[in-house]
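Reviewing the structure listed below.
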Amino acid sequence: MALTSCCTLLALITGASIMSGVLSYNECTDTHLSIKGGNYTLSKGFETNSLLTYDCPYGYYAPVQSRRCLASGKWRPLPKRNLECKMVKCPDPMVFEHGEVTPPQDRYYVNDTTTYECFSDYKLYGSATRICKANGKWSGSTPICSRNTDHCPDPGIPAGSRRTGHIFNIGEKVTYRCEGSLKLIGPKERTCKESGLWSGHEPECQFDYTYDTPEEVSEVFGSALKSSLTTAELDPNEQEGKKIRLDKGGNLNIFIALDASDSIEEEQFKQFIEMVKKLIDKISYYEVTPNYDILIFATKVTTIVDIKNYYTGNAKSLADVMKDLDDFKFGEKENDSGTNIGAAFVKIYEDMSFINTRNKKQFLNSSNIIIMFTDGESNMGVDPKRPVNEIKNFVYRNNKEERQKFLDIYMFGLRADDKELLNEYATLDNEGKHVFVLDGVEKLHQIFDDMIDESTSVGLCGLHKDYNYKDDRESTIRQQQPWLATITVNHADGLPSKCLGSLVTPRFILTAAHCFKFGDASHGISVDIKDGQTTVHKVKRYIPHPNYNSTLKKDAGIPEFFDFDVALIELQKDVKISVEARPICLPCTKEASGALKLSSSGVKCKDHERVLLNNEFEDANIMSQKREKKNLKIKLGASRDACIEDAKKAAGITAKNAKDIVTDNFLCTGGINPETDHVACKGDSGGALFKEQYYRTVQVGVVSWGVEDICKDEGKTVVNSREHTRDYHINLFKMQPFLKKYLGDDTKDYAPLTFLE
Ligand SMILES: *[C@@H]1O[C@H](CO)[C@@H](O)[C@H](O)[C@H]1NC(C)=O
Ligand SMILES: *[C@@H]1O[C@H](CO)[C@@H](O)[C@H](O)[C@H]1NC(C)=O
Ligand SMILES: *[C@@H]1O[C@H](CO)[C@@H](O)[C@H](O)[C@H]1NC(C)=O
Ligand SMILES: *[C@@H]1O[C@H](CO)[C@@H](O)[C@H](O)[C@H]1NC(C)=O
Ligand SMILES: *[C@@H]1O[C@H](CO)[C@@H](O)[C@H](O)[C@H]1NC(C)=O
């Protein structure tokens with residue numbers, strides 16, 4: 001009875017939706033949608049274009065990952081009965097030769113552990129213990145038992161594969177295939193080279209659900225890219241040392257192609273754009289200045305950044321490239337919904353031909369990197385293999401052996417893709433993996449954040465990380481503001497006081513002059529920056545701005561005058577630079593030009609000001625004593641006049657002219673227009689007023705004083721401004737001579753900054 005009533009009801013509902021056809025004609029239904037043991041989410045309910053995504057618990061996978069609701073009211077792919085989450089397996093490790101795998105099992109699931117031992121006479125290379133991971137891969141590296149009697153080392157047999165070829169001398173080949181439903185990712189064939197190395201890299205056998213974790217991608221792709229970008233000589237003994245090497249006079253051309261077909265959500269596309277910006281940012285840390293071609297493809301190809309401009313004297317600055325990326329609108333895709341990978345490669349080929357026509361000799365020595373992100377298989381246009389082969393032939397010029405280093409094609413796909421197709425387009429004979437299968441675009445930013453180990457790039461000011469991956473709040477916060485310093489001053493007359501400051505070089509902290517009192521001794525001052533060695537740094541001396549004099553206008557109705565309220569603290573020893581301790585960028589330095597993506601030559605201080613303080617309302621931030629980030633807008637032009645007018649409302653001030661109280665040396669924030677700012681609180685003094693530009697931080701001011709301290713009343717450290725609670729910050733563009741005198745001094749035992757005109 002109960003059963004019957006249930007099903008009658010169901011039928012009724014289905015019937016109703018058909019009958020009210022005009023209204024909900026296109027709605028998809030939930031018939032057979034559910035997954036046993038898991039969940040699904042819908043991006044737009046049962047409306048057309050809604051994306052369904054399945055979710056299974058750790059160690060399980062959904063045999064179908066997603067469905068799209070089509071305009072016809074049908075799901076693609078069509079749901080079938082009895083979908084269930086399945087256990088993730090790792091490929092068969094029993095292919096191990098000259099040794100033993102324990103325990104022997106028919107199948108290996110997540111967390112199963114295997115150990116590898118060689119027969120006597122053989123030596124074990126690779127991992128002796130491996131654990132099956134949730135992404136369907138074994139941890140560690142392929143174990144190999146070898147006697148190493150041949151010219152090349154035994155290249156091993158990756159789990160799940162079969163290898164033919166047992167002789168490893170010069171010119172000998174080994175070939176691989178994968179068992180059952182496993183897909184081969186990487187080269188099918190490897191050749192023993194004269195150098196004693198194998199061509200290409202070790203292939204993998206992957207299930208459809210196998211994917212690369214962000215950590216794996218950032219490590220492998222990051223190190224490949226890093227070596228492409230450094231011109232270091234290759235070490236013949238190092239398997240991983242070499243990638244593309246830039247010959248003198250050659251260029252680096254980077255082609256980035258992004259899939260924007262109908263299977264991509266706007267939100268995902270934004271992630272693509274963020275990721276490209278991050279990639280360009282990372283690359284800008286290196287000495288090379290690549291030429292970029294950035295394409296979007298669906299049915300048609302759209303150029304965002306045109307590489308041809310670099311060869312016709314119209315090269316854009318990186319800042320403009322970033323802006324073009326920001327401004328790109330993810331349009332309607334009514335007639336542009338296909339996935340035309342072929343057209344994207346054709347466009348890249350055409351652009352390469354153009355460059356070659358312009359300067360044949362230069363193109364000959366230029367390295368070309370193609371990076372494609374796609375989430376679907378090519379479903380229209382030419383077969384991508386054709387233009388890919390044209391590109392390869394064009395660069396190789398019948399001399400693949402010599403010239404393959406000039407071309408790298410990296411394919412990034414999602415795990416629902418046809419991996420074997422991605423594998424056909426990539427340059428597999430090059431060293432290092434060229435095909436990456438991701439679990440979703442959401443984690444892309446993590447890949448590119450982690451990708452190039454910034455801790456080694458000591459010279460880079462303002463570098464920081466955005467995201468919290470490690471679930472370690474302390475460390476994450478330090479990585480977000482690695483320049484933030486806390487200063488404690490034990491005054492000669494008793495009570496200690498605290499200020500904030502910013503690390504501006506490994507030796508110097510910038511802060512406010514009013515943090516110190518006449519007669520403070522340097523041994524009474526300590527600076528907190530956790531740099532891996534110490535937290536508390538000793539101070540050699542502090543240097544207030546020579547023009548700072550708080551009592552200067554005491555008799556003119558200004559009891560405390562804050563003009564030139566800046567000071568430098570010289571530490572006894574350099575702070576050790578790491579991801580958690582690194583200087584902020586100061587405007588009008590060469591170091592900041594890099595952060596602002598302004599080309600290195602001919603850039604003036606004025607140009608920095610134009611980029612950083614240009615609009616009537618400029619977004620900026622300050623930090624609280626508790627390391628909370630506050631948002632505010634710097635008021636410039638006419639808005640500044642109104643902003644400084646409120647200075648007259650500060651307690652004790654009787655001066656009539658606001659400009660006497662707040663000189664041109666100040667920047668003004670606070671108030672409720674155009675939005676409500678956060679206000680500065682008492683302990684925020686001396687901290688940086690900063691702007692984040694392209695993942696780098698540039699300081700534009702020093703927090704000095706405010707009309708009223710409303711934080712104490714509210715008992716919080718992050719408080720919204722009221723209409724007239726304004727804050728005044730020393731403008732660093734006005735403090736250049738002082739900063740340059742100490743920070744630009746190249747005659748001392750510390751590294752100076754290079755100041756611009
Ligand atoms: C199912 O969805 C809930 C939230 O709606 C989530 O907490 C849970 O982890 C999901 N379960 C699986 C197996 O994905
Ligand atoms: C596998 O091990 C991890 C970490 O020890 C644990 O969190 C997880 O629950 C285990 N998963 C399964 C399927 O046993
Ligand atoms: C290209 O590289 C070769 C050697 O790698 C060099 O001899 C030649 O001068 C370079 N050509 C140009 C135009 O830089
Ligand atoms: C799509 O194509 C149809 C027929 O060619 C045309 O009528 C329509 O305006 C196009 N839509 C867009 C958004 O371009
Ligand atoms: C500050 O200004 C006052 C008033 O002009 C003056 O008397 C005093 O000497 C100045 N202090 C310093 C340190 O220059």
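Read the numbers this way: they start at 1 and go in the same order the structure lists the ligands and their atoms. Small disclaimer: the values here were computed from a predicted structure and weren't measured.
For the pair Glu274 and Lys277, the salt-bridge criterion is met [side-chain N within less than 4.0 Å of a carboxylate O]. Under the 4.0 Å criterion applied to side-chain N and carboxylate O atoms, Asp709 and Lys682 are not assigned as salt-bridge partners. Ion pairing of Lys630 with Asp684 is present here, as a side-chain N (NZ or NE/NH1/NH2) and a carboxylate O approach within less than 4.0 Å.
Under the 4.0 Å distance rule, the nearest protein heavy atom to atom 7 (O) of ligand 5 falls outside the cut-off. Within the 4.0 angstrom cut-off, atom 13 (C) of ligand 5 has no protein heavy-atom neighbours.
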Step by step, would you call Phe561 with Tyr548 a ring-ring contact (aromatic ring centres under 6.0 Å, His included)?
CA-CA 8 Å; Phe561 185 52; Tyr548 174 72; 8.8 Å; no
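Among protein heavy atoms, the minimum distance from atom 5 (O) of ligand 5 is reached at Leu552 CD1, 3.6 Å. Annotation: atom 3 (C) of ligand 5 to nearest protein heavy atom, Asn549 ND2, 3.5 Å.
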